Protein chains: 2
Amino acid sequence: MNQTTEDKIKEAALRVFIQKGYDRCSSREIAREAGMNVALVNYYFRSKSKLFAIIFESVMQDFLKSLVQVFGSALPIREKIKILIEREFEFLSQHPDIPNFVINELSRNPEVSKDILPTLEKIYESGVFEEAKKLQATGEMRKMDLVQVTILILSNCQYPFMAAPLMKVVHGVSSETYLHLLQSHREHAVNMVLGYLFPNDNSIPS
Amino acid sequence: MNQTTEDKIKEAALRVFIQKGYDRCSSREIAREAGMNVALVNYYFRSKSKLFAIIFESVMQDFLKSLVQVFGSALPIREKIKILIEREFEFLSQHPDIPNFVINELSRNPEVSKDILPTLEKIYESGVFEEAKKLQATGEMRKMDLVQVTILILSNCQYPFMAAPLMKVVHGVSSETYLHLLQSHREHAVNMVLGYLFPNDNSIPS
DNA sequence: ACATTTATTAAACAATTGTTTAAAACAGAG
DNA sequence: CTCTGTTTTAAACAATTGTTTAATAAATGT
């Protein structure tokens, strides 16, 4: 508990912003969550929106961390994709509401995305896209736009967590049951995506 | 333009609610969009939340319509899934922000989902789940929880539209380019999902 | 034509919002 | 202790929120 007031506000803001979004929470709620007066929030961060920008950027770093690390590694591309999916499931198990948060705030105010461009550069510099193009040229990897490859991978990682409220209603399952289902879903995501992207591999799944 | 005042409010509310969500818009904004006074909104619908409940329920009907219709049809299950995916892409092309809207509002207030239970009943009554279980027993269909089957299908339909703001930032593509990509993505979704759910089918894709 | 219900408006209500101000509590240095 | 700068607080600010009220306009029936 040896953290500074500034950090206490940041932690509270992180919790509140992610859980409720920028517009659905008030400065006073953040202050209350941090156990202090409202004015302190503006004393340290000048405004709610400036505080949000700081929080959002750090969330984005976390959100893209696996992507940058895995794609920047020296593994073969199949391994990259497999590990990326597994890491995503791990991350999302602990932060299931971050994808919704990120997408909502990006569409609310596209300007907040400016800060993450340097992070994205790292992915491009990793050469993973050139690697993929080569494998596509030899026919080893299915030919499709690399944007679609990203969509394919992230669809099967993030959506299952994002859609939890919907799925629980549609299938009438409890939160615990659903989270348990998602654990076994990870392998399906890996097998399906790899099987589709590399149709010549004979993994003979189950 | 022969529509009643009540309908004008409903239409305006539909647009505003879907685009911005319940909390990010005001009663006055809805009234302005409908071209009339604020008090009329409450005159016809008693409160913002009651108006929202009506709008949300009708959106949910649209949102689940394909699911109910296709699963309730007499087609073999492979055709059901194929047509469902194609219908979803068609629907989402015209209403790309409905999935985000539905999921956000469901997690904001899970109570709003009470009204759709009768609609969901129709899906269960269609017998599609029993049909799937039979095919799983014969080994023709991959064995996995049917909740996961739903996740698998909807992941590859809804996420690509939901994640548009994120993908546009990550890959630096324009809205037009992205929407065009999604069109060709539909076939990938069909082939991948069917290929994974029915591994013995030799569709020999591309 | 008049009377009565319905539809619409402008204005006001209290509550909450983000932000600022001015004063108090606290800290450390001399 | 005293001075000085930093941290924290309560109070106030104007703006906006959902909702209500009371008055006006339009429509309806007789």
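In what follows, chains are A, B, ... by sequence order, proteins preceding strands, each numbered from 1. All values derive from a computational prediction rather than experimental measurement.
- You'll find that the side chain of Ser26(A) is closest to dG18(C), out of dT8(D), dT8(C), dG18(C).
- One interatomic measurement links the two molecules: CE of Met36(B) to C1' of dT9(C), which rounds to 12 Å at whole-angstrom precision.
- Cation-pi contact between Lys65(A) and Phe91(A): absent, since separation from the ring centre below 6.0 Å together with deviation from the ring axis within 45° is not met.
- For the pair Arg24(A) CZ and dT17(D) C1', the computed distance is 16 Å after rounding to whole Å.
- Regarding Leu40(A), its CG atom lies at a distance of 5 Å from the P atom of dT9(D), rounded to whole Å.
- Atom pair Ile30(B):CD1 and dG18(D):C1' shows a separation of 11 Å (rounding to whole Å applied).
- Remark: C1' of dT7(D) and CG of Asn37(A) are 11 Å apart, rounded to the nearest angstrom.
- Here the nucleotide nearest the side chain of Tyr43(A), chosen from dA10(C), dT6(D), dT20(C), is dT6(D).
- Considering only the side chain of Tyr44(B), dA7(C) comes nearest among dA7(C), dG18(D), dT19(C).
- Nucleic acid contact for Thr5(B): sugar-phosphate only, since backbone atoms but no base atoms lie under 4.0 Å from a heavy atom of the residue.
- At least one test fails for Arg46(B) against the ring of Phe52(B): distance under 6.0 Å to the centre or angle within 45° of the axis.
- Following rounding to the nearest Å, Asp23(B) (CG) and dT17(C) (P) show an atom-to-atom distance of 11 Å.
- Atom C1' of nucleotide dT19(C) and atom CZ of Phe45(A) are separated by 16 Å, given to the nearest angstrom.
- You'll find that the side chain of Lys48(B) is closest to dG18(D), out of dT8(D), dG18(D), dT19(C).
- For the 3.5 Å distance criterion, the side chains of Lys168(B) and Ser174(B) fail to qualify, holding no donor opposite an acceptor.
- Distance, Arg32(A) CZ to dG18(C) P: 11 Å, rounded to whole Å.
- Between dT9(D), dG18(D), dA10(C), one nucleotide has an atom nearer to the side chain of Ser27(B) than all others, and that is dG18(D).
- At a threshold of 4.0 angstrom between heavy atoms, the contacts of Val38(B) include nucleobase atoms, whether or not backbone atoms are also involved.
- Interface remark: the Arg28(A) side chain does form a donor-acceptor pair with the dT19(C) base, using a distance-only criterion of under 3.5 Å.
- For Ser47(A), the side-chain atoms get nearest to dT19(C) when compared with the rest of dT8(D), dA10(C), dT19(C).
- Nearest nucleotide to the side chain of Asn42(B), out of dT19(D), dT9(D), dT20(C): dT19(D).
- Relative to the six-membered ring of Phe198(B), Arg142(B) misses at least one condition, a distance below 6.0 Å or an angle of at most 45° to the axis.
- In this structure, Phe129(B) has its ring center under 6.0 Å from that of Tyr124(B).
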